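Working notes for the structure below.
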Amino acid sequence: QVQLVETGGGLVQAGGSLRLSCTVSGRTFGSYGMGWFRQAPGKEREFVAAISWSGGRTDYADSAKGRFTISRDNAKKTVYLQMNSLKPEDTAVYYCAQSYSGGSSAFTHEYPYWGQGTQVTVSS
């Protein structure tokens, strides 16, 4: 059984930082791309960042570029999302997901495995 568990969410003031972590169990970690997505109340789930199996390629949504950094530690089976300069519009539930391939993808349909999500709230 594949499990993805996100941690690190919370309440932070605008301009602050948070680091999300996602640990995978039940499936090989190092062979697959990983992604972070988010969903705000009343909105569709949207892409935030993705990383290839080796970490050699990363992709970001325009809203995340320059502020967020995705990274991975294959030995720890963990992917991270460092979020800096947070804004109130970053408030959402953040989900990590594991791809069916080794690449970096922004498309939700390429991710068969998802975590339960962690709430990030940015106050103004």
Side-chain angles (χ1 to χ4, degrees):
Q1 181 180 354
V2 182
Q3 282 193 312
L4 287 74
V5 179
E6 303 101 333
T7 58
L11 174 64
V12 64
Q13 287 190 328
S17 298
L18 282 174
R19 188 196 197 201
L20 306 183
S21 300
C22 171
T23 301
V24 178
S25 61
R27 189 174 186 238
T28 301
F29 180 80
S31 299
Y32 300 99
M34 297 294 298
W36 285 97
F37 295 78
R38 67 187 184 187
Q39 189 166 17
K43 294 190 176 181
E44 301 258 326
R45 190 169 298 188
E46 66 176 7
F47 169 71
V48 176
I51 189 167
S52 64
W53 69 276
S54 66
R57 175 176 174 137
T58 57
D59 291 288
Y60 296 92
D62 287 343
S63 60
K65 287 178 183 176
R67 299 188 301 127
F68 294 3
T69 303
I70 188 171
S71 61
R72 65 188 295 157
D73 184 334
N74 286 350
K76 294 183 178 179
K77 299 186 176 183
T78 300
V79 63
Y80 305 97
L81 185 68
Q82 177 67 45
M83 304 187 293
N84 299 328
S85 303
L86 283 162
K87 305 174 183 180
E89 50 264 45
D90 294 317
T91 295
V93 177
Y94 282 71
Y95 299 90
C96 73
Q98 188 178 49
S99 175
Y100 64 64
S101 75
S104 167
S105 173
F107 302 106
T108 58
H109 68 264
E110 295 193 13
Y111 293 87
Y113 301 104
W114 292 80
Q116 292 300 304
T118 186
Q119 176 70 46
V120 171
T121 303
V122 184
S123 63
S124 57

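The residues of the chain are indexed from 1 along the displayed sequence. Small disclaimer: the values here were computed from a predicted structure and weren't measured.
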With sequence neighbours left out, what residues match Phe47 under ring pair (Phe, Tyr, Trp, His ring centres under 6.0 Å)? Phe37

Tell me if a side-chain donor or acceptor on Gln39 pairs with a main-chain N or O of Ala92 at a distance below 3.5 Å. no

Note: with side-chain heavy atoms under 4.5 Å as the link, the other cluster members for Tyr100 come out as none

Rounding to 0.5 Å, atoms OG (Ser63) and NZ (Lys65) come to a distance of 9.5 Å

Residues two or more places apart in sequence or in another chain: which of them pass side-chain contact (heavy atoms from CB on, under 4.5 Å) with Thr28? Ser31, Tyr32

Applying side-chain contact (heavy atoms from CB on, under 4.5 Å) to Ser17 and not counting sequence neighbours gives Gln82, Asn84

Mind jotting down which residue pairs meet the salt bridge (charged side-chain N to carboxylate O under 4.0 Å, His left out) criterion with at least one end in residues 85-98? Sequence neighbours excluded, please. Arg38-Asp90, Arg67-Asp90

Scan residues 8-21 for pairs that pass salt bridge (charged side-chain N to carboxylate O under 4.0 Å, His left out), counting only residues two or more places apart or in two chains. none

Taking the hydrophobic residues Ile, Leu, Val, Met, Phe, Trp and Tyr, and joining any pair whose side-chain heavy atoms are under 4.5 Å apart, which ones share a cluster with Trp53? none

Take atom CD in Gln119; do more than 12 heavy atoms of anything else shown fall under 6.0 Å from it? yes

Are a donor atom and an acceptor atom from the side chains of Thr78 and Thr23 found within less than 3.5 Å of each other? yes

Tell me, please, which residues at least two apart from Ser52 pass side chain to side chain donor-acceptor pair (under 3.5 Å). none

For a quick test of reading the model, state the closest non-hydrogen atom pair linking Gly35 to Tyr111 and the distance between them. N-CE2, 3.5 Å

Residue set satisfying side-chain contact (heavy atoms from CB on, under 4.5 Å) with Ser123, at least two apart, ordered chain then number -> Leu11, Gln13

Transitive ILVMFWY cluster of Leu18, excluding itself - 4.5 Å side-chain cut-off: Val2, Leu4, Val12, Leu20, Val24, Phe29, Met34, Trp36, Val48, Ile51, Tyr60, Phe68, Ile70, Val79, Leu81, Met83, Leu86, Tyr94, Tyr113, Val120, Val122

Pairs flagged by disulfide (SG to SG under 2.5 Å) wherever residues 8-99 is involved - sequence neighbours left out: Cys22-Cys96

Looking only at heavy atoms, what is the nearest atom pair of Ala50 and Ser105, with distance? CB-O, 3.3 Å

Using only atom types and a distance under 3.5 Å, with no angle test, would you say the side chain of Ser99 pairs donor to acceptor with the backbone of Glu110? yes

For Lys43, give me all partners under salt bridge (charged side-chain N to carboxylate O under 4.0 Å, His left out), at least two apart in sequence or on another chain. none

Rounded distance (nearest 0.5 Å) linking atom CD of Gln116 with atom CD of Gln3: 9.0 Å

